[in-house]
**Q** 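One structure, as structure tokens, below. Some questions next.
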Amino acid sequence: MKRILTLAVTLGILILLGAMYSSLVLSENIVMKEYSRQEIASDDNTLVWETIGNPRYMDPHNNYEPFGSWIHYNVYETLFTYEWDSLDTEPTVPLLAEGLEISSDGLIYTFTLRQGITFHDGTPFNASCVQYNFERMLGTFDSNGSVRMVAESILGGAAIKDAVDAGNILLHEELWNQWVVDNKAGTGAVTVLDDYTVRIRLAYAYASFLSVITYEVGAIISPTFVESHGGIIVGQHNEYIDEHTCGTGPYMLDEWTRNERIVLKRNTNYWRESQARQRFPYAGAVDTVIIKTNEDTNSRILNIQTGVADSIYWPVSNAYQIYNNVSPPPLEQNDGTVQSLNPNLTVWAKYPTFNIASVHFTMSDTLNELTIGKIVENPFKLKNVRKALSCAFDYQTAIDDILNGFGVQGQGPIPHGMFGHNDSALVYPYNLDKAIYYWNKAMYDDDLDSTLENNSYRLVLYYNSGNDARRKIMNLLRDGIENMLALPETVQPSQPLSIDVQGIEWSTYIHEIINGRVGVWVFGLAPEYADPHNYVWNYVKSTGTYAYWARLGVSPGWDAVTVDGWIDAATKSQGVQERVDLYGKIQDAIIEHAAYIWVWQRSTLHVSRSGIQNIQYGVNPLHGTYFYHCWDVSAITPTETTDTSFTPQIPDLLTISNIITIGSSVFILVVIVLIIRGRQEHGMYNAATTY
């Protein structure tokens with residue numbers, strides 16, 4: 001028996017040593033799981049975003065609203081762009097260009113272009129493509145679009161802009177044809193110097209020019225694509241390109257169903273892939289982006305909480321369901337967990353934006369008033385009335401109750417934090433005593449009562465229906481006026497004044513504003529580029545979009561010639577201090593004139609599902625999220641790599657444990673078998689025994 005047990009022990013030891021040796025030898029061909037350097041999974045990775053609204057056009061040369069520009073930022077590319085992962089708003093990153101030289105007088109921009117880039121349709125990108133796109137901009141030229149920002153300063157562009165503004169299509173076509181001929185001859189604004197060098201000449205030195213063409217109006221479309229779908233028709237949109245895309249960017253438009261969804265597919269031949277992965281190792285991980293239109297706030301919030309959506313438009317009215325009221329740390333230190341109440345969601349809140357909201361007054365002598373239904377004297381042409389309303393508006397309540405604290409009071413047309421903003425500019429307070437002072441001056445000095453009688457003692461405050469924040473702004477303004485009129489010091493109209501808040505469908509709203517049929521209305525501005533000219537042109541220049549709609553140029557007491565001259569001088573100046581001084585004078589003039597009520601300047605609320613990386617850079621004031629650098633942690637799988645080099649290693653503890661377990665089991669089994677056989681030999685078991 002002793003001999004048998006000794007044999008069993010020896011056999012078990014030999015089995016154990018053999019198993020350990022086999023594990024070392026076989027490690028030469030073991031397939032190892034690599035978790036420290038995971039690579040992008042090969043299966044389709046989809047990012048789902050739920051928001052409200054729709055782009056207006058997919059044509060970047062004629063679109064003029066932020067939703068469409070966000071799509072264009074991911075589909076098209078400009079010559080320069082912004083830092084990908086910061087709040088920087090200067091266009092310092094070469095994109096389709098690889099170099100730029102600006103002449104000492106600021107009039108000539110010479111771009112050296114990248115080589116080896118193709119559009120989504122396979123067309124090679126070169127200098128001729130850049131020339132073609134600038135010609136297309138000034139050819140199609142929607143008068144309500146963004147091309148005017150380019151036309152203002154580019155050589156020969158101002159005359160074309162004036163023809164467009166005058167609605168003279170024949171002159172537009174004549175001037176444009178000659179402009180194109182000059183370009184081809186090398187004497188015009190945009191000249192091809194060689195295949196990958198293009199020169200752009202300005203009519204005057206314009207400090208903001210590079211910023212302007214970094215906005216999506218400067219996006220480069222495939223000329224082959226345009227020409228195969230109708231080409232350039234002067235003064236007209238191309239309906240096909242309004243709904244389809246062909247750029248050089250990382251994504252391609254696969255589907256656009258209005259009021260339902262936009263589907264983007266990754267460009268598998270994207271030229272910047274290897275370059276992008278040096279800085280963002282998982283660049284290109286998102287194969288498909290689905291942007292869904294979902295107007296229901298509760299539905300969107302439920303969908304991101306349950307993982308149906310990866311990111312959503314989370315309105316600030318619901319901010320404190322997710323935001324813990326922690327101040328924003330520097331963006332590079334914020335992983336999204338610092339400000340979130342939900343461990344499954346990430347939040348980037350209260351970073352500053354350049355988005356402003358304002359109440360606008362139409363300041364012409366009369367109004368063909370929409371809801372009153374007749375031409376009436378315009379009470380809002382009176383500066384004292386506008387000042388009274390500016391002091392009757394409760395700014396802090398607007399910010400606290402409508403924005404939920406996500407903003408600050410506005411201070412003129414140039415936002416806080418932007419070059420040229422004047423921190424010492426006048427701020428109208430919510431002060432009913434001051435409101436009464438200006439109201440009474442209008443009653444005594446401006447014969448306001450007679451004007452109100454002509455309006456049937458009715459004032460109408462307008463907003464675009466469906467925009468709840470704007471509805472609340474106008475309700476707050478109505479409340480302020482009524483509170484002022486309720487005080488005994490206020491000089492009362494001869495009859496009680498009715499103040500109505502009226503919503504109008506969006507397209508009708510714009511039409512009636514342009515045609516001067518509404519006296520007071522609420523609007524906003526999101527920037528195209530981070531320069532004060534972007535704002536003062538819109539709000540203050542007599543020919544600018546908002547100023548023209550408001551009839552500022554004909555407003556009593558407004559010196560359009562002088563202020564327009566300041567704006568032109570600030571645009572052309574190359575001196576920093578000179579520009580600051582001029583913008584200070586411009587802000588003081590428009591604020592004193594009370595042409596607008598500067599309601600607020602917003603801050604961010606960006607909510608995503610935990611695990612979605614690099615999505616936060618969409619809080620940059622000038623662009624939305626860039627999908628190509630995003631990736632989903634849960635969609636990344638470990639890849640199998642075979643180690644073909646044999647270096648014997650001591651197995652880790654888990655491997656040793658497994659080997660010992662297997663060896664021990666075999667050893668015990670052998671011992672049991674030997675013991676049973678030994679007992680059988682000595683008659684210790686009876687085969688007939690039952691239990």
Side-chain angles (χ1 to χ4, degrees), residues 37-49 55 58 60 68 70-79 81 84-85 93-98 113-126 129 133 216 219-226 228-229 240-241 243-257 261-292 310-311 611-615 617-618 623-641:
R37 292 181 55 84
Q38 295 169 322
E39 295 180 358
I40 299 167
S42 59
D43 59 326
D44 184 75
N45 295 306
T46 300
L47 181 70
V48 178
W49 200 300
M58 286 297 171
W70 176 37
I71 303 300
H72 303 153
Y73 181 57
N74 285 277
V75 171
Y76 288 106
E77 292 179 315
T78 51
L79 298 176
T81 191
W84 308 107
D85 53 354
V93 179
L95 191 56
L96 289 178
E98 63 179 10
L113 307 179
R114 295 189 191 274
Q115 302 183 30
I117 298 175
T118 58
F119 291 91
H120 298 155
D121 63 354
T123 300
F125 166 75
N126 56 34
C129 299
N133 273 264
E216 297 311 313
I220 306 299
I221 308 174
S222 164
T224 306
F225 174 72
V226 176
S228 62
H229 294 96
Y240 186 85
I241 297 174
E243 297 185 352
H244 300 82
T245 68
C246 187
T248 58
Y251 288 91
M252 301 180 287
L253 178 66
D254 186 65
E255 175 191 338
W256 180 23
T257 305
R261 69 179 193 167
I262 296 166
V263 179
L264 304 178
K265 291 288 187 180
R266 182 169 61 89
N267 175 11
T268 57
N269 193 36
Y270 183 44
W271 66 271
R272 208 174 60 84
E273 179 179 299
S274 60
Q275 180 188 112
R277 289 186 181 177
Q278 292 176 15
R279 187 164 171 184
F280 304 96
Y282 297 105
V286 175
D287 292 319
T288 305
V289 179
I290 301 175
I291 302 171
K292 295 182 178 180
D310 297 305
S311 191
I612 307 297
Q613 305 297 304
N614 294 340
I615 204 166
Y617 301 132
H623 62 74
T625 296
Y626 186 71
F627 302 125
Y628 193 68
H629 292 160
C630 296
W631 57 284
D632 183 351
V633 170
S634 66
I636 301 300
T637 60
T639 57
E640 295 183 347
T641 59

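Side-chain atoms are counted along with the backbone in the values below, which use heavy atoms only and exclude waters and symmetry mates.
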**Q** Give a yes-or-no answer on whether the side chains of Thr224 and Asp121 include a donor-acceptor pair shorter than 3.5 Å.
**A** no

**Q** If you round to the nearest 0.5 Å, how far is NE2 of His244 from CD1 of Ile221?
**A** 13.5 Å

**Q** Mind checking whether Trp49 and Trp70 have parallel, tilted or perpendicular rings, split at 30° and 60°?
**A** perpendicular

**Q** Which heavy-atom pair separates Ile615 from Cys630 by the least distance, and what is that distance?
**A**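 Result for this residue pair: CA-SG, 3.8 Å.
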
**Q** How about Ile71 and Ile291: do any of their side-chain heavy atoms sit closer than 4.5 Å?
**A** yes

**Q** Look up atom CG in Leu253 and atom CD in Glu243, then write down how far apart they are to the nearest 0.5 Å.
**A**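 Spacing of CG (Leu253) from CD (Glu243) equals 10.0 Å.
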
**Q** Between Arg279 and Asp85, is a side-chain contact (heavy atoms from CB on, under 4.5 Å) present by the stated rule, with each step listed?
**A** CA-CA 10 Å; Arg279 187 164 171 184; Asp85 53 354; 2.7 Å; yes

**Q** Give me the atom names and distance for the closest heavy-atom approach of Gln613 to Val633.
**A** NE2-CG2, 3.6 Å

**Q** Apply side-chain contact (heavy atoms from CB on, under 4.5 Å) to the pair Trp84 and His629, showing each step before the final yes or no.
**A** CA-CA 9 Å; Trp84 308 107; His629 292 160; 3.5 Å; yes

**Q** Calculate, to the nearest 0.5 Å, the distance between atoms CG and OG1 belonging to Leu95 and Thr81 respectively.
**A** 5.5 Å

**Q** Over all heavy atoms of both residues, which pair between Asn74 and Tyr628 is shortest? Give the atoms and the distance, please.
**A** OD1-N, 4.4 Å

**Q** Look at the side chain of Arg114 and the backbone N and O of Glu98, then say whether any donor-acceptor pair between them is shorter than 3.5 Å.
**A**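 No.
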
**Q** Any chance you could lay out the side-chain contact (heavy atoms from CB on, under 4.5 Å) test for Asp632 and Val286, step after step, and finish with the verdict?
**A** CA-CA 8 Å; Asp632 183 351; Val286 175; over 6 Å; no

**Q** Which heavy atom in Trp631 sits nearest to a heavy atom in Ala285, and how many Å separate them?
**A**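 Shortest heavy-atom contact: CB-CB, 3.6 Å.
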
**Q** Counting only N and O atoms by type, is there a donor-acceptor contact under 3.5 Å from the side chain of His120 to the main-chain atoms of Gly249?
**A**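 Checked: pair present.
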
**Q** Quick one: pull up OG1 in Thr245 and CG in Asp254 and give me the separation to the nearest 0.5 Å.
**A** 9.5 Å

**Q** Rounded to the nearest 0.5 Å, what's the gap from CZ on Phe280 to CD on Glu273? Could you check?
**A**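 Those atoms lie 14.5 Å apart.
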
**Q** Which pair of heavy atoms, one from Tyr76 and one from Cys246, lies closest together, and at what distance?
**A**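 Here Tyr76 and Cys246 meet closest at OH-N, 3.0 Å.
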
**Q** Taking C-beta and beyond as the side chain, do Ile262 and Pro55 meet within less than 4.5 Å on heavy atoms?
**A** yes

**Q** Under 4.5 Å between any side-chain heavy atoms of Leu113 and Leu79, yes or no?
**A**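 Sidechains of Leu79 and Leu113: in contact.
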
**Q** Could you report the tightest heavy-atom contact between Thr625 and Tyr73, atom names first, then the distance?
**A**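 Minimum heavy-atom contact is O-CD2, 4.3 Å.
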
**Q** Quick check: does any side chain N or O of Arg266 sit under 3.5 Å from a backbone N or O of Pro250, one acting as donor and the other as acceptor?
**A**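 Side chain of Arg266 to backbone of Pro250: no pair is present.
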
**Q** State whether the side chain of Asn45 and the backbone N or O of Asp287 hold a donor-acceptor pair below 3.5 Å, judged by distance alone.
**A**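 Absent.
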
**Q** I want to check something: taking the side chain as every heavy atom from C-beta on, are Tyr626 and Tyr251 in contact at a cut-off of under 4.5 Å?
**A**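 Tyr626 vs Tyr251: side chains apart.
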
**Q** Just how far is it from atom CD of Glu77 to atom CD1 of Ile220, taken to the nearest 0.5 Å?
**A**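 Reported to 0.5 Å precision, the distance equals 10.0 Å.
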
**Q** Aromatic rings Phe119 and Phe125: how do their planes relate, parallel, tilted or perpendicular, breaks at 30° and 60°?
**A** perpendicular

